[in-house]
Every structure is written in C-alpha cells, then in structure tokens.
Trainee: 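Dropping the structure in here first, questions after.
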Amino acid sequence: MPHLPVLSVASELYPLVKTGGLADVAGALPGALRREGIAVSTLLPGYPTVLGGLCRAEAAHDFADLFGGPARLLSGRAKGLDLFVLDAPHLYARPGNPYLGPDGADWPDNALRFAALSFVGARLGQGLLPGYRPAAVHCHDWQAGLVPAFLHYGGGARPDTVLTVHNLAFQGVFPAELLPALGLPDRALHVDGVEFHGAIGFLKAGLRLADRITTVSPTYASEICSPEAGMGLDGLLRGRADLLTGILNGIDVDTWNPATDPHLAARYGAADPASRAANKRALQARFGLAELADAPLFGLISRLSWQKGVDLLLEALSVLLAEGGQLALLGAGDPALEAACAEAAARAPGRVGCLIGYDEGLAHLIQAGSDALLVPSRFEPCGLTQLCALRYGAVPVVARVGGLADTVIDANPAGLAAGASTGVQFAPATATALEYAIRRATSLFRDRTTWAQIQANGMAADVSWAAPARAYAVLLREVTAR
Ligand code: ADP
C-alpha cells in the first residue's frame, strides 16, 4: 500500500531550530509515522539555521509578493526528513530566537510571519505543486493555526486538517485591524471563524476550523476543557470535545540513549545503572557541587517561566538542603527567575548549582548524573524532560498535571506493592506539596533496594514514539477516510 502523504506545518523542528518541546515532536514524529505507512513532509519558515541545514534544496515555487515581499518555496531534505522551506527574507532572515527580537520582545510582524507560513501550508494542501497533494495537513500550534482558516475561506478542494495543541498558553492573538493584511475576508471575523474576543486568534481559528484537534496528553485534553486550564478557549473546546484527542508525546530514543550518548562521562544501560556514578561526579564538577556520592542530587532542565514552577522549587529549596540534597539547575527565560536561581546558587555554594543558558549536551549529562529530576510545573501539556529522565534512570519528581500525570507512576504504597512505580507525583502544584515530595523522594533514595526498583521500572518504560505514532496514524487515516 502506498504511504499516505501528510503535510506537517511547524514553526520549529529539532535539530534545525528549537525553543521547546514542539521542535522535538516535529523532528521525531515524521520518522515514527513513516513506519506506520504515513509519509510526512514538513513546511518550515526559512530562518537562517533552517536554510543553512537544508540539503539538496530545489526551488519549487516563486511568490512575487507574499505578505510584503518576494518569497521562494524550496524543497529539500535535512536529517533524513522531507522538508519544504519558505524562503521569505523579509519575514524570516533574522538570527536567534524564531519569535523574539534582540530586545526579548515578540517581533512586531509575527502575525504576518506566521500567517504567511499558514497560507503557504494551505496552498500546498490544495495542490500548489504539481505531483504533490497531501491527504491531510497536520498543523502545530498557533503558528500554523490559520491553515484551516485559509482553506475554509479560500474555497476549492481541500485536504483534511488536524491541529495539535502543544501548549494552550500560546495563542497568537493580534488586532482585528490586521484582517485585510492577512488576506482573510471580513466574514472571517466571526465567532465561528478567526474572531477571538474582538481580536484575531490564530489558535482559536485552528481550534474552530480544523477537522480534528489533538493535544499532547489525555489528562491535558481533559484539563483544557475546564475553565481553570482552558485559558479562555474551554467553551470552544467543550463544544468540540468529540473531535479532541490526547496523544502523548514520545522522545527520540536514538538521540536520548544512555548507551550511546556522546555527551556523557560514562555510558550505561538498564543492566548497569551503577555506571551512572561517573556521570554524577561529572555533573557535580560541572555545577561546582561537592563530590558527594550519597547526597541525593536533584536535576532540573527547563524554560524559566511561571508555567514551570521553578519559583516553587526555590521556595522549597530549604527543605531540599535540609534533607541533604543537592540541586543542578539548567534553564533560561524570565530574567527575574534567572536572577533568583543565580542568587539561590550563590547562597548555597557546593550544594546548589545553576547554569543560565540553553545547552543541549549539558541537558543530557543532567539526565545521566542526577538521582532525581524535578518537574514542578503548574501546568504541563505533556513534558519531555520526565520522559528522558525515565529512560536515563533519573527518578522523576513531578507535579500531577497534564502529561506528567500520565507518564509517571507514583511511588505510593499501591504502586510500590504492585512493583509499578516509576517516580514521585505531588499535588497541588504548591511549594508545600513539593516539599513533601522532596522528603518522600529523599527517603526513598536512602532505601537503596526500593530506589533501584523505581529506577529499573522507569528505564523499562516505553517512552519511544512507537505507540504515539500508531495513535496519530489511526487518527490521520480516520480523518482522511471520511
Ligand atoms: P516546553 O516545550 O514547555 O519548553 P518540554 O518539556 O515539552 O517543555 O520540552 C522542553 C525541551 O527543551 C526538552 O527537550 C528539554 O530537554 C529542553 N530544554 C529546556 N530548557 C533547556 C535548556 N536550558 N538547555 C537545554 N535543553 C533545554
């Protein structure tokens, strides 16, 4: 049977451009879907790093004027993936973060930048290129949220659309006056179209007009239908709940493989977790921590934002230290949180280490060298660091929200008695509950047999893309079969 052609539209893709989990998903899902008989090509904006990483690029289409300037659509490959890259210098020829200018603020023309991406995604879906006609367009987050809108208002034959929400907090809301500049008709500014509280909502448009909606865990799918977590979109989501599915993310188990990982001081597998000790020493050295083999070493790898609950951890830090623990924290983001983390490290030299920045290799070492990995998020659509932690034998200590609730089995008496536990969960997402979880984790850590069992359970968990890809394949076949 020939592969089902699907166009994925994303604003990030690992390893070409990444600010978060979306890039990991967009980079890994196509390979996993190929094994399910689905051929994914991905449309990406032509940021400098994307153009630089593109191999065998061929010009596929020219746009004389695409939202304010000439543009070319290139087709090519990178890292084994089929790509379409939108080379539009007036929109994307900017170094650094894909969304933010050098001052840390959103680029003022982000509406046009991602409307252009969505517009070209829609045109590709309608057969812009001879010989290429995807059965479905898989849109990721608000940056691709207008694809279903351009298809809906554009008329003509259209492919089916699936919108995946990686984080409902990012909605792409812009002034209504931009409507003509986006090339959408007046009638689109309607509650059943792109209108969102008097403005234009890119994510809202996708949620309203896509044929199917997915998000990245079953628990988050249910949470976002409630006013508490729905961020103003819960009413719309409840109305379309029959079209909403939660499919967990996986991780790329080749990139994240402690047996072959080039970033580690010592490589190891589930059969010899004791070799993690050398990574713990290397991690302690990198973070200026005292070389204590018996101190429970907690790691954290995160964007520093309110969502991630790093402030809760700073509040709970005195308990972590009183329990004899150490902390290695890697993160970047909110300047106030960056400063607070650096201050915490300065107050507890040798016990708390903090590196501000984005460092892929160091993230791997933290997974391999930490005894426990903290994810104290206030909300978490899926979360990837706890999945990597499971695979690397760092016991995840997580808030019981979203995908964290779905991927970690708490070491409560029932879980332990069943021999199933893989980590520690806490709720609600408060400093007090986190303190209790840290106490629980350290006391489990000191019970070497139980800890080894929890670690082994985690390392045996399937965190690959195999099961999620099967679920996406079923959904894509369903939506295109109608
Ligand atoms: P989000 O997408 O909300 O940022 P996820 O847990 O889904 O959170 O994905 C985060 C990804 O980014 C993980 O692969 C994690 O290892 C990585 N990451 C986050 N912050 C850093 C950092 N400072 N340095 C290196 N990797 C990071």
Side-chain angles (χ1 to χ4, degrees), residues 10-29 97-100 140-143 164-170 215-217 219-220 229 231 246-258 261 263 283 286-287 299-310 313 328-335 337-338 341-342 353-370 373-392 394 396-399 401-408 429 463 465 468:
S11 57
E12 306 182 20
L13 179 140
Y14 178 83
L16 299 177
V17 51
K18 166 167 166 173
T19 71
L22 163 62
D24 293 315
V25 176
L29 189 53
N97 185 293
Y99 316 117
L100 312 176
H140 295 275
D141 273 352
W142 74 263
Q143 292 88 346
T164 294
V165 181
H166 296 266
N167 192 335
L168 200 68
F170 304 117
T215 188
V216 289
S217 69
T219 293
Y220 193 59
M231 301 199 167
I247 301 177
L248 278 173
N249 287 333
I251 56 169
D252 183 333
V253 289
D254 296 326
T255 305
W256 292 97
N257 181 356
D261 193 326
H263 303 293
L283 186 58
R286 276 293 285 277
F287 279 84
L300 184 141
I301 307 157
S302 187
R303 286 188 292 116
L304 298 180
S305 72
W306 182 84
Q307 174 194 341
K308 300 294 181 177
V310 178
L313 173 60
L329 184 155
L330 170 66
D334 178 349
L337 280 173
E338 288 184 354
C341 291
C354 162
L355 290 172
I356 299 298
Y358 192 92
D359 187 333
E360 197 79 33
L362 188 53
H364 286 241
L365 183 64
I366 293 175
Q367 296 286 10
S370 304
L373 189 96
L374 290 159
V375 196
S377 305
R378 290 186 165 90
F379 67 94
E380 194 59 78
C382 177
L384 295 176
T385 59
Q386 86 282 10
L387 299 180
C388 301
L390 290 169
R391 183 151 167 82
Y392 276 58
V397 176
V398 305
V401 292
L404 303 174
D406 294 335
T407 54
V408 175
V463 292
W465 272 103

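Atoms within a ligand are numbered from 1 in the order they appear, just like the ligands themselves. Just so you know, these numbers come straight off a predicted model, no measurement behind them.
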Trainee: Of Glu380, Arg303, Lys308, Gln386, which has the heavy atom at the shortest distance from atom 8 (O) of ligand 1?
Mentor: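 Shortest heavy-atom distance from atom 8 (O) of ligand 1: Lys308.
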Trainee: Do Thr19 and Tyr99 make a side-chain contact, defined as non-hydrogen atoms from C-beta onward lying under 4.5 Å apart?
Mentor: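 Yes, their side chains come closer than 4.5 Å.
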Trainee: Can you name the atoms of ligand 1, numbered from 1 with element, that are less than 4.0 Å from a heavy atom of Ser302?
Mentor: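 The list of qualifying atoms is 20 (N).
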Trainee: Is it true that Pro381 lies under 4.0 Å from ligand 1, counting heavy atoms only?
Mentor: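 For ligand 1, residue contact (heavy atoms, under 4.0 Å) with Pro381 is absent.
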Trainee: Does any N or O of ligand 1 fall below 3.5 Å from an N or O anywhere on Gly20, backbone included?
Mentor: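 Checking ligand 1 against Gly20, no N or O pair falls under 3.5 Å apart.
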Trainee: Run the numbers for me: atoms of ligand 1, each under 4.0 Å from some heavy atom of Gly357, listed by number.
Mentor: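 Taking each heavy atom of Gly357 in turn, ligand 1 has 22 (C), 23 (N) under 4.0 Å.
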Trainee: Does Glu338 reach the main-chain N or O of Gly333 with its side chain, forming a donor-acceptor pair under 3.5 Å?
Mentor: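 Yes, the answer is positive, given that a donor and an acceptor are paired below the 3.5 Å cut-off.
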Trainee: Can you tell me if Ile301 contacts ligand 1 (heavy atom of the residue under 4.0 Å from the ligand)?
Mentor: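 Checking ligand 1 against Ile301, which is what was asked, there is a heavy-atom contact under 4.0 Å.
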Trainee: Side chains of Glu12 and Asp24, heavy atoms from C-beta outward: is any pair under 4.5 Å?
Mentor: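 Contact flag for Glu12/Asp24 side chains = no.
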Trainee: Is a side-chain N or O of Thr219 found less than 3.5 angstrom from the main chain of Gly403, in a donor-acceptor match?
Mentor: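 Side chain of Thr219 to backbone of Gly403, a donor-acceptor pair under 3.5 Å: no, none is there.
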Trainee: Using heavy atoms and a threshold below 4.0 Å, how should the contact between Asp359 and ligand 1 be classified: side chain, backbone, both, or neither?
Mentor: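 Backbone only; the side chain of Asp359 stays clear of ligand 1.
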Trainee: Report yes if the side chains of Phe287 and Leu365 come closer than 4.5 Å at any heavy-atom pair, otherwise no.
Mentor: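 They are not in contact (no side-chain heavy atoms under 4.5 Å apart), so the answer is no.
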Trainee: Can you list the atoms of ligand 1 that are under 4.0 Å from a heavy atom of Gly383?
Mentor: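 Answer for ligand 1: 6 (O), 7 (O).
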Trainee: Identify whether the distance between the nearest side-chain nitrogen and carboxylate oxygen of Asp359 and Arg286 falls below 4.0 Å.
Mentor: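 Looking at Asp359 and Arg286, the cut-off is met.
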Trainee: Determine whether Glu360 and Lys18 make a side-chain contact, defined as any pair of heavy atoms from C-beta on separated by less than 4.5 Å.
Mentor: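 Yes, at least one pair of side-chain atoms sits under 4.5 Å.
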Trainee: Nearest protein heavy atom to atom 2 (O) of ligand 1, by residue and atom, and its distance?
Mentor: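 The answer is Gly21 N, 2.6 Å.
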Trainee: Check each heavy atom of Cys382 against ligand 1 and say whether those closer than 4.0 Å belong to the side chain, the backbone, both or neither.
Mentor: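 No part of Cys382 comes within reach of ligand 1.
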Trainee: Measuring from Leu248:CG to Leu387:CG, what's the distance to the nearest 0.5 Å?
Mentor: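 Result: 7.5 Å between the selected atoms.
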Trainee: Is the shortest N/O to N/O distance between Thr19 and ligand 1 below 3.5 Å?
Mentor: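 In this structure, Thr19 places no N or O atom under 3.5 Å from an N or O of ligand 1.
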Trainee: For atom 6 (O) of ligand 1, find the nearest protein heavy atom and state the residue, atom name and distance (0.1 Å precision).
Mentor: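 The answer is Leu384 N, 2.9 Å.
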Trainee: Where the side chain of Asp141 meets the backbone of His166, is there a donor-acceptor pair that is under 3.5 Å apart?
Mentor: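 Yes, the answer is positive, given that a donor and an acceptor are paired below the 3.5 Å cut-off.
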Trainee: What do we get for Asp24 next to ligand 1 when only non-hydrogen atoms under 4.0 Å count, side chain, backbone, both or neither?
Mentor: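 Near ligand 1, Asp24 shows its side chain, while the N, CA, C and O stay back.
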Trainee: Taking C-beta and beyond as the side chain, do Tyr392 and Asp261 meet within less than 4.5 Å on heavy atoms?
Mentor: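 In short, these two side chains touch, coming nearer than 4.5 Å.
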Trainee: What atoms in ligand 1 come closer than 4.0 Å to a heavy atom of Thr385?
Mentor: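 Going through ligand 1 atom by atom, the ones under 4.0 Å from Thr385 are 6 (O), 15 (C), 16 (O).
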Trainee: Ignoring hydrogens, just give me the one of Tyr14, Tyr358, Trp256 whose non-hydrogen atom is nearest atom 17 (C) of ligand 1.
Mentor: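 Considering heavy atoms of Tyr14, Tyr358, Trp256, the nearest to atom 17 (C) of ligand 1 sits in Tyr358.
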